[in-house]
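Below, chain A is the first sequence line, B the second, and so on; all start at residue 1. What's counted below: heavy atoms across the whole structure, side chains too, no hydrogens, waters or symmetry copies. What you are looking at is a predicted structure, and each value in this text was computed from that prediction instead of being measured.
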Amino acid sequence: MFKLFLMGCLFFITLAIIAALYRVVKGPSKPDRVMALDNIGINLLAGVAILSILLHTHAFLDIILLLGILSFVGTIAFARYIERGVVIERKHIE
Amino acid sequence: MSWLHLMIFIPFVFAIFVPFVYKWFSGRVHTGWFVLAAPLAVFLYLLKYIPSISKGETIRLELPWMPSLGINYTAYIDGLSLIFGLLITGVGALVVLYSIYYMSKEREALHNFYVYMLLFMGAMLGLVISDNILVLYVFWELTSISSFLLIAYWYQRKNSRNGAQKSMLITIFGGLAMLAGMIMLSMMADTYSIREMLGHTNRISEHLLFFPAMILILLGAFTKSAQFPFSIWLPDAMEAPTPISAYLHSATMVKAGIYLVARFTPVFGGTSEWFWIVSCIGLITLMYGSVNAVNQKDLKGLLAYSTISQLGLIMSLLGIGSASLYFGYGEESTVYAFAVLAALFHLINHSTFKGSLFMIVGIIDHETGTRDIRKLGGLMSLMPISFTLTIIGSFAMAGLPPFNGFLSKEMFFTGVLTVFESPVFGIKSIGLLFPIIAWVASVFTFIYCMILVFKTFMGKYRPERLDKEAHEAPIGMLLPPIILSCLVIVIFFFPNIVSDHLLQPALTAVLPQFAGAGGIEVNITPWHGWSTELFMTIGVVGFGVLMYRSLKKWSRLYGYFPQALTLNGIYNHLLAGMERISLKLTKQYMTGFVRDYLVYIFTFMIFLLGWSLWLSNDLSFDLSNNAPIHLYEAGVILAMLIAALTVLFSKSRFTAIIAVGALGYLVSLFFVIFRAPDLALTQLVVETVTAALFLLCFYHLPELRKERSSIPFKFTNLLVSLGVGTIVTLLALSANNHRLFESISSYFEDSYTLAGAKNIVNAILVDFRGLDTMLEILVLCIAGLGVYTLIKLQLAGRDKK
Amino acid sequence: MKPNDVILHSVTKVAVFIILTFSIYLFFGGHHNPGGGFIGGLSVASGLVLLYLTFDIETVRRNIPVDFKKVAAFGVLIAIFTGASSLFFDKPFLNQAFGYFNLPIFGKTELATAVLFDVGVALAVIGTAVTIILSISEDG
Amino acid sequence: MSEVIVSILIFIGTAFSFLSAIGLIRLPDVYTRAHAASKSTSIGVLSILFGTFLYFLFTEGYVSIRLILGIFFVFLTSPVVAHLLNRAAYRSNVELAKVSIQDDLKEYIRKTDS
Amino acid sequence: MNNTVILPMIIPVIAGLIMVIFRNNIRFQRLLSIFAILAVGAVSLLLMNQIRNEGIQTLQAGGWAAPFGITIVADMFSAILLLTTSIVSLFCLIFAFSSIGREREEHYFYPMFLFLISGVCGSFLTGDLFNLFVCFEVMLISSYVLISLGGTKLQLRESTKYILINVISSSLFLLAIAYLYAITGTLNLAHLSLRVAEAGQDGLMTTVAFLFLIVFSMKAALFLFFWLPGSYSAPPTAVAAIFAALLTKVGIYAIFRLFTLVFYHEQETTHFVIGILGAITMVLGAMGAVAYQDIKKILTYNVIVGVGFIISGLASFTSMGMMGSIYYLIHDILIKALIFLLGGMIIHLAGTSKLKDISGLIRNHPYLGWMFFVAALSLAGIPPLSGFLGKVFITRGTFEEGYYWLGAIGLITSLMVLYSIMKIFMNSFWGETYLSREMEKGTTNVSTMLPIGCLTVMTIALGLGSEGIHEYVQIATESMMNPILYIEAVMGGEPIR
Amino acid sequence: METSMSILIGVLFTIGTYLILTKSLLRIILGTSIISHGVNLLILTMGGLKSGGPPLLGQHDTTFTDSLPQALILTAIVINFAVTALFLVLSYRTYKTLGTDNMDQLRGIEDE
């Protein structure tokens with residue numbers, strides 16, 4: 001029962017991912033897509049969490065944190081790109 | 001290393017020293033004097049074998065080269081080798097002597113000349129004395145190469161280069177064919193030694209490869225001996241300095257083919273194929289050469305065609321003589337054996353008179369500055385010695401007494417008549433063609449001999465057409481042709497000395513069934529009654545004179561022959577055609593467009609794998625041992641498909657890269673679902689860093705363009721990619737249901753006890769398969785350095801273009 | 001209006017600290033838990049990338065004055081030498097030794113040469129990743 | 001009992017996540033969608049993570065520092081991400097939805113720039 | 001266990017890495033790289049003798065018994081190739097000293113060169129399928145760097161294609177490994193051989209074998225050679241020479257290894273297909289060589305012909321053919337390096353690679369000319385130079401197997417090779433001399449002529465003195481024709497732990 | 001699951017191949033990325049799916065999924081990362097130096 005429930009939740013998370021993918025496809029603006037990607041990342045994080053309950057293992061708990069980190073790093077890179085066109089600046093123009 | 005081997009290698013040894021000698025003494029002494037020692041020494045050394053060889057002995061000495069492969073330099077001297085060896089060194093010595101006067105020590109690059117010459121001489125010697133067919137082949141190709149160099153001696157001239165290239169292509173082509181034949185032969189006989197092959201003739205003749213091997217070896221012989229239709233290289237080879245022509249085309253290079261045929265007669269002879277091919281090609285060549293010689297304007301060209309024709313004559317005699325092996329030992333066998341004897345005899349004679357003729361033509365060229373028959377004339381009074389020598393040589397060639405050519409020509413007629421009189425291999429009435437062709441060709445031979453003598457020396461002397469004032473050559477230059485001409489006459493009067501000491505032992509080498517009997521009884525005499533042969537000769541002379549008289553009238557016929565159909569035309573056409581077709585084809589598929597290459601590769605893959613799968617019948621779709629699939633997993637798969645398709649259809653690179661990122665994240669979700677935490681972690685990080693890399697590079701890259709390509713282009717791409725996808729899927733499905741063995745990875749589940757690690761994947765990475773990891777970080781490190789150099793080192797701006 | 005990154009800067013400082021700590025955890029936990037040299041190295045790299053993202057190359061270089069190409073090479077060297085060290089003990093190449101020792105503070109501890117190997121891996125990964133990213137960003 | 005609590009938390013999380021996904025599709029422009037993407041997703045994920053944390057705490061007595069860190073990290077970064085993205089959007093001149101009534105920032109920028 | 005086996009793989013790597021760390025001292029880099037290559041050569045000589053005396057040498061990396069760990073195996077075939085590799089790379093390296101240019105030297109040329117060698121050696125030595133992939137990658141990625149090092153327009157354009165094709169082939173390689181792993185559950189070559197023999201090589205395995213064939217064909221330029229002519233004409237001479245000498249050979253080695261050790265049960269299918277591919281390769285390659293009037297093009301197409309010819313020996317799968325292949329492989333590595341160095345030298349002197357613009361070089365450069373002549377003959381397999389024996393035995397092998405067409409094509413294409421290469425000789429060395437020494441675009445010097453001279457001497461010596469290496473080649477052939485030897489050497493040893 | 005994975009991999013390969021066959025360098029690189037995802041998933045699938053717990057000892061599971069393919073994929077991922085990085089940089093260098101990213105214009109046969 002509990003398992004079935006978890007799978008159901010996972011299914012909805014998957015749907016959420018697909019919804020976000022729709023946003024990636026649809027756009028229309030770049031920030032939209034990046035936001036969708038970030039959202040996919042966050043949803044994946046949730047999915048992994050549920051999966052680790054489902055599989056009853058804490059092998060995947062590292063992934064949760066790492067996903068959080070990476071989705072953060074990635075999104076910031078994208079944001080920089082959108083904002084400035086350059087991802088890493090050689091020298092800060094303050 | 002025996003004395004014999006040493007002697008064979010002498011020319012090579014000399015060749016090494018020639019450049020030094022040239023460097024040190026070139027100003028003072030002609031290098032030729034140093035070189036002369038080599039052929040002379042070998043000639044004298046070989047002379048000492050005559051007594052023992054004429055008694056029927058043979059000498060066999062082995063020098064290991066690659067003993068473990070059965071390839072040794074086995075020197076083998078019997079009568080046949082000895083004749084050739086003496087010719088090579090004897091004529092060689094004379095040619096070197098001649099060249100000392102012919103080649104100016106101031107103007108010519110003598111070191112090159114003599115190095116090539118010695119190489120060639122050594123190669124020829126090695127060729128005729130070696131018993132091992134592979135070694136024989138080595139020397140064979142060496143003669144091709146060194147003659148290539150000799151012909152192109154004046155490499156600045158385009159004609160020399162072309163002539164050299166032609167001779168090389170044709171003779172090496174033949175050499176390769178011969179190699180194939182020899183390999184087949186060695187497979188049949190299981191040995192590389194010709195001597196040992198003779199012990200297995202039965203096995204060889206019953207083998208399936210017998211006929212192909214024979215054809216291939218004959219190809220080698222025919223190309224080398226300039227037999228029809230491979231004769232075209234020979235006239236072009238006249239671009240070489242005259243001493244070379246004299247050497248190559250009288251005594252050596254072209255005789256190599258004759259040697260080969262004679263040498264392999266015991267192996268292949270006695271069969272109708274051998275008989276027909278050799279004798280017919282010989283007769284055709286004889287005809288072709290003599291007919292064409294008449295039409296030549298260049299003296300050397302005339303001699304070249306006459307050489308072709310004479311070689312055809314010898315070849316046909318060898319072909320006819322091979323029938324003797326069919327009969328074993330007996331009456332008819334002896335009759336045919338006589339043809340072989342004639343062949344060998346004519347071989348020697350031809351070397352003498354042709355050598356001298358070439359030298360004289362060289363003298364004429366040297367002294368008048370031209371070889372064009374139309375410009376020459378009336379030299380008789382100015383160059384009397386040369387004139388005499390020409391008469392001797394030409395009349396010998398035409399088969400007139402009292403010169404040795406008469407003897408062998410008569411014997412030739414005897415040979416062709418034999419075919420008519422005692423038919424073999426179901427010849428019947430066709431046999432009549434043999435003497436007829438021989439006779440007609442002899443008429444033409446007579447005509448060109450007359451041209452040679454009379455057009456050059458008779459008629460009006462027209463100094464205005466010549467480059468130089470004509471006068472007699474220095475004695476040193478005349479000496480070699482004088483020696484040869486003396487031989488021509490001496491042999492006529494004492495043919496039996498030659499016959500007993502050289503020809504008989506050689507005959508037993510060609511026809512080994514006579515070895516036990518001590519040869520055949522022959523007595524070569526100039527006069528043997530009013531025989532058919534004599535009448536034929538008289539006919540030749542009579543008809544020849546008539547024809548020569550009316551030469552102007554009928555020689556126009558030559559003009560009617562279309563240029564494109566000449567052998568030369570065909571050769572040029574073939575060569576140009578090969579280049580053209582190659583270029584067209586290569587350009588057709590080598591487009592430089594990498595997409596095309598990938599299409600070829602993928603198409604090939606689809607077809608090969610598809611064919612193999614279809615052949616194997618191992619396609620199977622079995623869902624039973626699949627792991628279960630959950631709804632959410634289907635959702636993830638769907639999401640991946642969407643992401644991948646987005647990449648495909650996105651018009652902006654930004655969308656594409658985000659979709660790829662999403663795809664990567666979803667892949668890592670799969671890794672989680674399939675219980676691979678390490679993978680999921682790595683995939684996530686790598687995906688993020690890759691995305692960041694893409695973003696970094698976007699600054700330097702253009703926005704994605706809309707693909708502007710034709711419908712067929714896209715359709716092909718679609719088809720190919722669908723094919724690839726299908727093949728991958730099909731293979732995956734089949735492999736999945738085809739797990740034959742337990743994986744070895746259960747071993748790794750002990751990793752805690754084995755390697756002290758609870759994380760099996762990590763244990764595999766750092767311990768069980770640590771080497772992989774080590775190299776993998778090396779790859780990473782190289783890539784980092786590569787990126788760095790790519791960005792930092794930019795020589796593009798400094799391009800020459 | 002000039003961009004101001006105060007929020008990002010302050011958050012990044014915390015985040016980088018967390019990332020680095022976590023990386024070290026991943027690295028050392030690798031033997032028994034998911035993680036190891038690769039992932040540890042890569043996450044350190046991503047932490048550094050985050051630094052570069054929020055600040056700029058000059059600033060970071062001033063604080064971390066390291067030639068990352070040499071780091072990468074050095075990492076690979078370490079990995080190879082741990083493997084090659086077994087040559088001196090007449091053991092097969094890459095033979096990893098491990099044992100349990102009673103250390104004063106940590107109690108019973110497992111020490112393995114594999115960890116050294118992993119250090120090499122991590123260094124190589126960090127060095128390469130940062131080299132690549134820096135090279136590209138410096139190209140103008 | 002423990003399963004029930006975990007279930008409730010996860011259910012809440014999933015519901016939030018899913019709803020925010022719907023928001024991501026339905027909302028008119030990037031700025032409004034950012035609400036859905038950051039706020040509600042964050043709460044959804046946080047509750048799911050917390051649920052997971054509790055699950056392992058109850059069933060195994062396992063206190064996962066990584067999960068706590070993860071919760072903390074998401075909690076920390078999610079607003080920053082939203083902030084940066086929106087700023088980027090604004091700076092790259094992404095239009096506001098037509099239904100928007102007011103754009104204070106525009107006024108402000110005009111003032112400071114001039 | 002024999003730790004010597006691993007050394008050819010790691011010595012260059014260590015040397016290269018040290019050079020990366022001490023980047024600025026060029027003289028040190030040169031010395032160290034020479035030293036490293038010499039060490040590899042010495043080790044491979046040592047290995048050859050060990051193998052001759054004690055049989056195939058193996059090393060279970062990390063002490064994990066096969067098939068669980070990675071086994072490094074040096075049989076005679078590998079050892080011979082190692083030695084040849086080290087010789088050739090030594091000469092290419094010396095050639096590079098004066099020709100590669102200061103800038104490239106400063107940008108990790110020597111380390112990359114050594115990594116390439118290491119990858120090549122690794123590929124020759126490894127006994128594990130996946131490790132083979134990794135070694136390939138080491139080799140490939142350093143070749144990517146080498147081919148693009150300098151970033152001239154031509155280099156960039158061609159290296160893009162080169163990398164793309166190789167990325168695809170690497171993906172396919174992994175694909176093939178995955179399928180094979182699914183079927184057999186193992187990666188160790190010896191173990192694979194055992195398992196394939198046990199289960200019988202069924203249709204699916206043959207299909208997977210074909211996939212491997214495609215992968216290696218792409219690397220070896222066997223039929224799928226389209227990328228090669230462009231790529232090999234892009235980099236500087238020393239690099240092109242080492243590429244031509246080694247890179248395709250690694251692919252050939254892999255094909256040999258796989259189709260003699262693992263997939264040798266269905267010869268009628270697999271080896272026949274290999275034979276057809278070899279024939280097509282030879283014909284197309286020879287046609288390409290004949291077609292062009294450009295030195296670089298002619299030489300690169302000749303590389304392709306060589307590949308087809310070597311593969312013919314495998315297609316025959318007789319010990320005669322195999323022996324021929326080994327001989328020819330050694331010859332081909334040497335001669336391809338030599339001819340590329342010579343061709344590069346001509347281009348360097350004349351400043352162009354178009355034959356119609358070059359003429360009469362022999363007047364000023366007689367030694368170069370005659371060495372080119374010798375090399376040209378050797379390339380076409382003219383006796384008694386090094387290509388001859390290989391040619392004879394391969395041809396005999398194909399004949400013995402009944403593939404007369406294959407042998408015939410081999411011989412005919414060798415004539416076309418001769419024609420194409422003589423075209424270079426006759427056009428660029430013979431003819432009127434236009435350029436005086438001063439007008440030439442470049443000069444020769446000791447560092448460029450020494451390697452050319454040495455390689456020329458080697459091709460002559462190898463031809464005349466084949467007896468000297470015959471014993472080794474014989475052993476190599478035996479172990480190729482008899483997989484049991486290999487399997488026993490790998491699997492027979494007791495695990496260390 | 002294996003069947004659906006096989007089909008997914010096939011689709012990934014199809015898309016990747018299609019992208020590789022286009023003219024734009026960037027699309028080609030994206031194509032190689034997708035193909036490498038396909039390859040990684042394939043290796044995993046070929047190792048057998050979900051036959052046990054994650055390959056970590058000391059947890060509840062007694063059976064484990066095949067750990068060898070995971071190690072292989074890990075290596076493959078890293079190598080692929082290295083190659084992609086190099087390829088990417090090369091392509092933008094090509095673009096900057098030669099002024100085009102269209103493979104059709106990079107034929108390079110004009111200089112014959």
Enumerate donor-acceptor pairs with a distance under 3.5 Å from any side-chain N or O in residues 70-78 of chain C to protein atoms, sequence neighbours excluded.
from, atom 1, to, atom 2, distance (Å)
C/K70, NZ, E/I21, O, 3.4

Report which part of B/T688 has an atom under 4.5 Å of a heavy atom belonging to chain C: side chain, backbone, both, or neither.
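Neither the backbone nor the side chain of B/T688 comes within 4.5 Å of chain C.
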
Considering only heavy atoms, which portion of B/V766 lies under 4.5 Å from any heavy atom of chain C: side chain, backbone, both, or neither?
both

With distance as the sole criterion, is a donor-acceptor pair present between the side chains of B/D678 and B/N759 under 3.5 Å?
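Per modelled atom types, B/D678 and B/N759 side chains form a pair under 3.5 Å.
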
So what's closer than 4.5 Å to chain B heavy atoms on [X]: side chain, backbone, both or neither?
X	value
C/S135	both
C/L26	side chain
C/I39	side chain

Under 30°, 30 to 60°, or over 60°: which ring-plane class applies to B/F713 and B/F593, parallel, tilted or perpendicular?
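Plane angle under 30°, so parallel.
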
For the pair B/Y597 and B/Y600, name the ring-plane relationship: parallel under 30°, tilted 30 to 60°, perpendicular over 60°.
tilted

B/T716: what forms a side chain to side chain donor-acceptor pair (under 3.5 Å) with it, not counting sequence neighbours?
none

